[in-house]
Structure formats: C-alpha cells, structure tokens
There are 2 protein chains.
Amino acid sequence: MTTIPTPTTTPQAGGRTAAPTRREQILREAARLFAERGFHGVGVDEIGAAVGISGPGLYRHFPGKDAMLAELLVGISERLLTGGRIRVGETAGDPEAVLASLVDGHIDFALDDRPLITLHDRELDRLKDEDRKRVRQLQRQYVELWVAVVRELYPDSSESEARTAVHAVFGLLNSTPHLAALGRQSMEELLRRLAHGAFGALARA
Amino acid sequence: MTTIPTPTTTPQAGGRTAAPTRREQILREAARLFAERGFHGVGVDEIGAAVGISGPGLYRHFPGKDAMLAELLVGISERLLTGGRIRVGETAGDPEAVLASLVDGHIDFALDDRPLITLHDRELDRLKDEDRKRVRQLQRQYVELWVAVVRELYPDSSESEARTAVHAVFGLLNSTPHLAALGRQSMEELLRRLAHGAFGALARA
DNA sequence: TTGCTCGGTTAATGAGCGTTAACGTATGGC
DNA sequence: GCCATACGTTAACGCTCATTAACCGAGCAA
C-alpha cells in the first residue's frame, strides 16, 4: 500500500463541472460493477478495463481496492446527509413540507444513483472498522432527520415505531434498482404516493 | 465435483419434524453466513466450523459451495410461491382478504427467515445460469400472484404501476433484516399497516 | 470376521486475485 | 535541453480458498 496524493475529499476544490477526472471515472465504474456483482465478485482488472486502463494502473489513483469502496460509501452517506439537512432547513417549520421534501430528495437519489444505493446497504461490512463506523454514524444522523419530522407529524407513534417506519420506507424507495419499466416521471410520482401512503398509516392507528 | 446422493428436494420425504439432519444444519448456517458477509465473503472452512465439522467435510453433503447457495435460493423461492398460492386459494373471491393474507404471509416469512430474505435479492447473480433462470421464474410467478390481486383491488392502476408497487412493498417488508427493536408482535402489526397504507395510495390517484 | 457404506480427517493442488516491482513515455516548468 | 512528475505497462509474488486425494474409524449386514 504505497501512499498516494489521495484527496480524501472530492477532487477539484472549486466545485466546477469539468470533464470527469480519471478518479471519478474509476469511482463510477467501480460503483456499477460492485453493485452488479458484489465487492468480492469484481476484480481490479475488470475495474481497470472499464475505464480503459489495465489492472494495476488503478494504484496510481487509489491505494487499494478497499479504498474505492470506502470512498464510495462515505461519499454517498455524506451526500445523503447534507442533502437532507439542506432540505430540512429550507422547509423548516412545516413538518408536512419537510417530509415531502425529504421523500423527493431520496427518490431523486435512488433514481439517479442506483448503483450507490445498492452498495449502501449491501457492502457496508467490507469496510475497515474506522470507515464503517463513520458511514454508520452518517447513516444514523440521516435517519434521525427523518425520525424527528415523522414524530412531529405523527405524535402518537413511538420513537422505535417511527424509526422502523423510516427504515421500511427506505426499503420501499430503494427497491428501485430492481426495476426499469415505467419511465422516470411516473416512477417518481408513484414512489412518492407509495411512500406517503405508508407514512400515512402511522396516523390511522 | 464428485457426485453425491444429492436429494434435489428436501430430505426425509415423510414431512416429519425430526431432529435437523446434518444437511439442514449446514444450509441454515450457510444462509446465516452468506447473509452476513456475502457469498464470496464466506469460506467453506467457516461454514464447516459453524456446524462442527471442518472444511472439506462439507463435500460429503454437497457437490460444492455453489450448490448450497442454489439450494437455498431455489428453496426459498419455491416456498414463497407455494405459500402464496395456498393463501390465494384459501381466500379466493375476496380480493381484499387475499391481499391481506399475502401480506401477512410475506411478513411472517421476512421475520422468520431474515437471512434467506436477504440472500434472495443479494446473491442471485452468483448462481449458474440454469438455477438463476429457475429462481427468476419462481419469483416472477410469485409477483404475478400479487399483481393480479392488486389490479383486481385497484382497477385504475396499470399493469406496470401495480408491478412496481408490489416490488416496492416487497422492499418495504424486506427492510426488516436491518432492525431488531420493537418485538415480533408490534413489528408484524406495524409492517402490516405500512404495507396496506402503501397499497392504499394506489386508490387515491 | 469380513467388508461395505457413511461421514469424517488432514495434506496437497491449483486457480484467482490483490498488490508490488521494474520499467517506459509524454509533458511542462526551469 | 533537462529532468521530475504523472500515468501507464507487463511481469512477478504471495496469499486465500475451493476442490480433490488419500486415508480412517464406526456401524452393521451377511
């Protein structure tokens, strides 16, 4: 494991939208392949081939295969959380609007980044202890965002009831990767209705 | 791959509930381990150790590691389908009752056999083409069972809408493996309400 | 007893794969 | 012009791991 100029955070600090750097290409393809065949099911040679370089060439960009997975999982967790926080901030005060915004955000995410969503709950255990702890912490905070607003909206439900419901709705929304039919628009619409329908059941106790 | 007296179906043809045969022990432990760490993440030595024998001893009971996974996935798919068919038969004529029964059955299954439910949609791709086709066919038939009754109950929804909703509710119910709190009874009750809430959203179009 | 089958054991084999070594080549600042 | 750096390449190396070989004791039927 030779040391690399590894930019622990995302590259190009400015936030510009330039041509995708090689690093980003690799991450995207690795995500796709990991999601398709599992972390252990994909070889470094395959990942390399997917971006037009061969096997060990990857080690110019990442210290190892593990590091790719770690960056993917930490990255997705961070994006989910900060996205969620922004949405909560935007609509603060109106719990119904907050929940709607969280649902919409999560749907966008599930539809745009299927492979990452898949990885998110499939391959967490392959991480080094440190990374896994970080990811779990981020996940927990994201869930708490939802739980808080759900309890505000349905005060009769208990803490663990709300938390379970949130996890269940995540399961519902993340079921997306398995399907393709139905087109983006109607998919969005349908998932939204199903999610709100599920949450609504918390009221009719 | 030496040939084995491999009983393609389940052992002890009588249907008695005897002490679990060695074969069954192995399958149960393999399911647990595969669910925890993924098919590639578990070694045969580990599976052997889990039942008190060592690595290659498994080959007295299965022709290979793949065969264990195949039997698990085919088995669960068959049980889901036949269970579903029985429930549909029992309550035929009353779509609402049929759907309720399917939901209850699936919940029981998800709560009783978490590891298998996890495997079911995580490791399908590790199967030989033949087995994978068989599993997918069984899954499809099971889904069709649901789709038929959902469309009967909500005639306004299109075929693909109904199918997507069914998959989504599966995702909701199968989210179970991730949690532990809340006790069996209330978990059942909550999942039931969430699932019906989601389906109900198909009406309010 | 004999000898077959059942269910184990440990040691060897051989492939796959992550990682490292050693080596090239363009490019861009000095 | 020079040389360091970035980015690749191919060829080992070494480990893990599924599978096979070779061997063994306990029942148990004839």
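First the proteins, then the strands, lettered A, B, ... as listed; each starts at 1.
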> What pairs with Arg163(B) under salt bridge (charged side-chain N to carboxylate O under 4.0 Å, His left out), at least two apart in sequence or on another chain?
Replying inline: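 Residues passing salt bridge (charged side-chain N to carboxylate O under 4.0 Å, His left out) with Arg163(B): Glu144(B), Glu159(B).
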>> Run the salt bridge (charged side-chain N to carboxylate O under 4.0 Å, His left out) test against Asp113(A) and tell me which residues pass, sequence neighbours left out.
In response: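 If we apply the salt bridge (charged side-chain N to carboxylate O under 4.0 Å, His left out) test to Asp113(A), skipping adjacent residues, the hits are Arg79(A).
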> Of the nucleotides dA11(C), dG8(C), dT9(D), which has the atom closest to the Pro56(B) side chain?
Replying inline: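 Closest nucleotide among those given: dA11(C).
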> Quick one: which of dG8(C), dG18(C), dT19(D) gets closest to the side chain of Val44(B)?
Replying inline: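 The listed nucleotide nearest to Val44(B)'s side chain is dT19(D).
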Could you state the atom-to-atom distance from [atom1] of [X] to [atom2] of [N] in whole Å?
| X | N | atom1 | atom2 | answer |
| --- | --- | --- | --- | --- |
| Asp45(B) | dC15(D) | CG | C1' | 14 Å |
| Leu69(A) | dG18(C) | CG | P | 13 Å |
| Ile53(A) | dG8(D) | CD1 | P | 5 Å |
| His40(A) | dA15(C) | NE2 | P | 23 Å |
| Phe39(B) | dT16(D) | CZ | P | 19 Å |
| Ile47(A) | dT19(C) | CD1 | P | 10 Å |
| Tyr59(B) | dG7(C) | OH | C1' | 16 Å |
| Arg126(B) | dA18(D) | CZ | P | 14 Å |

> What residues, two or more places apart in sequence or in another chain, satisfy side chain to side chain contact (heavy atoms under 4.5 Å, CB included) together with Val51(B)?
Replying inline: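 If we apply the side chain to side chain contact (heavy atoms under 4.5 Å, CB included) test to Val51(B), skipping adjacent residues, the hits are Gln25(B), Ile26(B), Glu29(B), Ile53(B).
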> Heavy-atom count around Gln141(A) CD within 6.0 Å, excluding the residue itself: above 12?
Replying inline: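 Counting neighbours around CD of Gln141(A), more than 12 heavy atoms of other residues, nucleotides or ligands fall under 6.0 Å, so yes.
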>> If the condition is ring-ring contact (aromatic ring centres under 6.0 Å, His included), which residues does Phe39(A) pass it with, not counting sequence neighbours?
In response: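 Counting only residues at least two positions away or on another chain, Phe39(A) forms a ring-ring contact (aromatic ring centres under 6.0 Å, His included) with Phe34(A).
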>> What contact category does Val42(A) fall into here, base, sugar-phosphate, or nothing, at under 4.0 angstrom with non-hydrogen atoms?
In response: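 Sugar-phosphate, no base atom in range.
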> Is Gly57(B) touching bases, backbone alone, or none of the nucleic acid, heavy atoms closer than 4.0 Å?
Replying inline: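 Base: the residue Gly57(B), judged by heavy atoms under 4.0 Å, touches a nucleobase.
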>> At less than 4.0 Å, is any side-chain N or O atom of Arg60(B) found next to OP1 or OP2 of dT5(C)? Yes or no.
In response: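 Result: no.
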> Does His61(B) put a side-chain nitrogen or oxygen below 4.0 Å from OP1 or OP2 of dG8(C)?
Replying inline: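 His61(B) to dG8(C) OP1/OP2: side-chain N or O found under 4.0 Å.
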> Within the side chain of Arg122(A), is there an N or O that forms a donor-acceptor pair under 3.5 Å with the backbone of Gly38(A)?
Replying inline: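 Not at all, since once roles are kept as given, no pair shorter than 3.5 Å links the two residues.
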>> According to side-chain hydrogen bond (donor to acceptor under 3.5 Å, both in side chains), does anything in residues 84-93 of chain A pair up with another residue at least two apart or in another chain? List the pairs.
In response: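 Qualifying pairs: Arg87(A)-Ser101(A).
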Tabulate protein N/O versus nucleotide N/O from nucleotides 26-28 of chain D, keeping only pairs under 3.5 Å, one per line.
none

